[in-house]
Chemist: 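Below is one structure. I have some questions about it.
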2 protein chains.
Amino acid sequence: MQMNRSTRRTRNVITINDVARLAGVSPMTVSRVVNDEKNVRESTREAVLLAVRELNYVPNLAARNLASAEHVRIGVIYSNPSAAYLSEFLVGVLDESAGKGAELLLVKCEASNPDAERISVQRLIDSAVTGVVLPPPLSESDTVREALQAAGIATVGVATGRFRSDLSCVRVDDRAAAEDMTRYLLDLGHRRIGFIKGHPNQTASAERLTGFRAALRHAPDAKAEVVQGYFTFPSGLEAAERLLDAEVRPTAIFASNDDMAAAVVSVAHRRGLDVPRDLTVVGFDDTSISTTLWPALTTVRQPVSAMAAAAIDLLLRETRAAKDGRTPEPTDVIVPHTLVERQSSSPPRPA
Amino acid sequence: MQMNRSTRRTRNVITINDVARLAGVSPMTVSRVVNDEKNVRESTREAVLLAVRELNYVPNLAARNLASAEHVRIGVIYSNPSAAYLSEFLVGVLDESAGKGAELLLVKCEASNPDAERISVQRLIDSAVTGVVLPPPLSESDTVREALQAAGIATVGVATGRFRSDLSCVRVDDRAAAEDMTRYLLDLGHRRIGFIKGHPNQTASAERLTGFRAALRHAPDAKAEVVQGYFTFPSGLEAAERLLDAEVRPTAIFASNDDMAAAVVSVAHRRGLDVPRDLTVVGFDDTSISTTLWPALTTVRQPVSAMAAAAIDLLLRETRAAKDGRTPEPTDVIVPHTLVERQSSSPPRPA
DNA sequence: CTGAACTCTGATAGCGCTAACCTCGCCTGC
DNA sequence: GCAGGCGAGGTTAGCGCTATCAGAGTTCAG
């Protein structure tokens, strides 16, 4: 009762063979053109590309994978970084792995205790992943790193504060970024600057503080006040209270992340201080809170999507190398950060 | 100079054949067991499952796809919903489509004007997607919907305020959710309640207002004050000022989303009002801002991940139906919302 | 006790693509 | 003039899985 099909399923999608037929070449040549390989005459290449466009041919990733790639399955363990971070991160991961034809496996790590982390890692191992990408803060978890290394799974950490010789990572230079931001504050004319440290269990915290101190060394007339924070909004509230209680108030406060910077703004407002006229507040990370608040925060932006993509790329290279028998040295990829100037910073009010 | 491999590439991954050999059955039977098909004797099934566990076998998605699925490529156009929303959404989309072996294609729609939207849609069409999932606010864009319909691409909208007969959608019942929240406020004892409307170009705004009004009808002694907002933080600031300027202040304010609720808290604090003792503030959406603020917001939570997954599932069913020649009626999937009680709400202070 | 129907399982043939090998023609050097 | 090399293709053989169909065995009505 149906029209009789040549073979089993209906396929009305155009394949590499259709293109080959139209272009008058073999499928292999089409494959070469599509994959941008050499050893194809220019005229042939053009003919193929014409046919590709004509038919609106899009390669079947599944088939390409099956035929070429060595079954790459990439695991991502995410705990709870800011949602804004995660979404950008996922977009980067997705774009890159879709293009490279890698299979993705997301695993959520509910709590940040060793047991939960081990369970998450185990789930990935059970799923036979070939590599794992770790966004922060898991990229600095010893438990996770050790478990993966023990299982012999290639791993790339994203946004670790420092490079360590046993883990490839993609990161911005936290120290330089903090130094840039501090110099920006000094250039605006600030000489009393408060700094809120990040959580001590993340190396980025120390790096940012180091950068801050380094910049100040070039301005001997500047005074700094450093207080502890823990990357959370409440810890920022407390730190801000402490900084603003000083007998001589700072004219600028540099918080180690945006959440704490937002808390500083909140405290300033409650004390009747105008931001930025009475107090400049700057953050770090450029998460969504920096633009949903008023005034929008001046902060340091990391190219999260690009970093995630770079991590996938690095991971693919490492697994490929491992398959060839080589044991690649861990790589340290540093991507450029940018200083985003918004409305929460200005020169200090003249005394 | 290398060891001589039987055929081309090295494959050290265990396949369905390994399992079949160990279990002493044919690969086809293993496939049946793994895919949970019937017509397999219980003893056989157990033997296979044992072998699967023994070898830690995980099916190769690419191969499964190539052999079975009809080349499903799902497009997602995201513009800029809150990052928190997007990340949850992406997690849901990824989990579901990875499981179903669908290829994913993300496209960002930079601006929210018809031209940018048309370009995004065109990119998807050029990539030969078989279906598209639209997160808000694009799920309510006429431009996008019409362009996709014209191209004959199956589409599912997520979190549209209402069901419309030409587009399948997955959503919560905004009206009922707003009604629930309002009833919650009434139950706490509030009788003067301010409401901040959402952007008029989204149907959810009207639905939420309708729900609010419906709940109030059961409390004739309650007084409501409704002002316009636009889902943004600044618009929330303005709306809050207006509500709190009234000669008799409301004891509770229900903002149509969390950003505006956050703005209300900000204004309240600036006026020296304690939240929730002097003013209860509740939001809608449960985005990350609701927990990064102090006090954390009582709000309505949508199961975003589950909705995204449901959308993918629905889309797959529709494309499959379309392939069989059937033209499926658009479906309206309503998922349950939940009221999340946090610290921004309490009974009104006794007069 | 036979044919029909149904259950379980295996053999075969690809899905769309590419790795590895092969062929053919042309150029180069001696 | 011929070995050797190289560039531009084609040929073959799968990648790991499943649709399809063809049995073999089993059940059951008549």
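Residue numbering restarts at 1 for every chain, and letters A, B, ... go by the order of the sequence lines.
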Chemist: Quick one: which of D/dT18, C/dC15, C/dT18 gets closest to the side chain of B/S31?
Modeler: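 Among D/dT18, C/dC15, C/dT18, the one nearest the side chain of B/S31 is D/dT18.
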
Chemist: Starting from P on D/dG7, measure out to CD on A/E42 and report it in whole angstrom.
Modeler: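 From A/E42 CD to D/dG7 P: 16 Å.
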
Chemist: Do NZ/NE/NH1/NH2 and the carboxylate oxygens of B/R123 and B/D126 come within less than 4.0 Å?
Modeler: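 Salt bridge between B/R123 and B/D126, a charged N being under 4.0 Å from a carboxylate O: no.
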
Chemist: Under 4.0 Å: is that the gap between some side-chain N or O of B/N17 and OP1 or OP2 of D/dG16?
Modeler: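 Indeed not, no polar side-chain atom of B/N17 lies that close.
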
Chemist: Starting at CG of B/N39 and ending at P of C/dC8, how long is that distance when rounded to a whole Å?
Modeler: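 Going from CG in B/N39 over to P in C/dC8 covers 5 Å.
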
Chemist: Is it the case that over 12 heavy atoms from other parts of the model lie below 6.0 angstrom from the CZ atom of B/R45?
Modeler: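 Check passes, neighbour count above 12.
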
Chemist: Would you kindly give the CD-to-C1' distance between A/E103 and D/dC15, to the nearest whole Å?
Modeler: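 Distance check: A/E103 CD to D/dC15 C1' gives 14 Å.
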
Chemist: Given C/dG16, C/dT9, C/dT18, identify the nucleotide with an atom nearest to the side chain of A/S68.
Modeler: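 That would be C/dT18.
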
Chemist: Could you check how far CZ of B/R64 sits from P of D/dC15, rounded to whole Å?
Modeler: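 Spelled out: CZ on B/R64 to P on D/dC15 is 18 Å.
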
Chemist: If you take atom types as modelled and just measure distance, does the side chain of B/R41 reach the base of D/dG25 with a donor-acceptor pair under 3.5 Å?
Modeler: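 No, no donor-acceptor pair under 3.5 Å.
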
Chemist: It should be established whether A/T29 places a side-chain nitrogen or oxygen under 4.0 Å from OP1 or OP2 of nucleotide D/dG9.
Modeler: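 No.
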
Chemist: Checking contacts here: which listed nucleotide (C/dT18, D/dC17, D/dG9) is nearest the side-chain heavy atoms of A/R32?
Modeler: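 Among the listed nucleotides, the one closest to the side chain of A/R32 is D/dG9.
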
Chemist: Take a 6.0 Å sphere around CD of A/E42 and say whether it holds more than 12 heavy atoms from other residues, nucleotides or ligands.
Modeler: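 Enclosed: over 12 neighbouring heavy atoms sit under 6.0 Å from CD of A/E42.
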
Chemist: Atom NZ of A/K38 to atom P of D/dG7: distance rounded to whole Å?
Modeler: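 A/K38 atom NZ is separated from D/dG7 atom P by 7 Å.
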
Chemist: Among the candidates D/dC17, D/dT18, C/dC17, find the nucleotide nearest to the side-chain atoms of B/P27.
Modeler: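 In terms of side-chain proximity for B/P27, the closest of D/dC17, D/dT18, C/dC17 is D/dT18.
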
Chemist: Find the distance A/L61:CG to C/dC17:P and express it as a whole number of Å.
Modeler: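 Spelled out: CG on A/L61 to P on C/dC17 is 10 Å.
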
Chemist: Kindly point out which of C/dA11, D/dC17, C/dC8 is positioned nearest to the side chain of B/M28?
Modeler: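 Within the option list, the nearest is C/dA11.
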
Chemist: Has B/T44 got a side-chain N or O lying under 4.0 Å from the OP1 or OP2 atom of C/dT9?
Modeler: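 Affirmative; the distance criterion is met.
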
Chemist: Where the side chain of B/T331 meets the backbone of B/S168, is there a donor-acceptor pair that is under 3.5 Å apart?
Modeler: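 Flag not set: sc B/T331 to bb B/S168 has no pair under 3.5 Å.
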
Chemist: What's the shortest heavy-atom distance between A/P135 and A/F89, and which atoms?
Modeler: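 That closest heavy-atom pairing would be CB-CZ, 3.6 Å.
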
Chemist: Please tell me which of the listed nucleotides, C/dC17, D/dA19, C/dG16, lies nearest to the side chain of A/I16?
Modeler: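 Ranking C/dC17, D/dA19, C/dG16 by closest atom to the A/I16 side chain puts C/dC17 first.
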
Chemist: Provide, to the nearest angstrom, the distance between the CD atom belonging to A/E46 and the P atom belonging to D/dA8.
Modeler: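 In whole Å, D/dA8 P lies 14 Å from A/E46 CD.
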
Chemist: CZ/A/R32 to OG/A/S26 distance, rounded to the nearest 0.5 angstrom?
Modeler: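 Here the interatomic distance stands at 7.0 Å.
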
Chemist: Please tell me which of the listed nucleotides, D/dG10, C/dT7, D/dT18, lies nearest to the side chain of A/V25?
Modeler: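 My answer, after comparing the listed nucleotides, is D/dG10.
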
Chemist: So, OP1 or OP2 of C/dC15: does either fall under 4.0 Å of a side-chain N or O from A/N60?
Modeler: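 No, no such contact exists.
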
Chemist: What integer distance in Å separates B/R45:CZ from C/dT7:P?
Modeler: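 So the CZ-P distance, B/R45 to C/dT7, works out to 14 Å.
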
Chemist: Looking at D/dC17, C/dC15, C/dA19, which one has an atom nearest to any side-chain atom of A/E37?
Modeler: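 So the nucleotide nearest the side chain must be C/dA19.
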
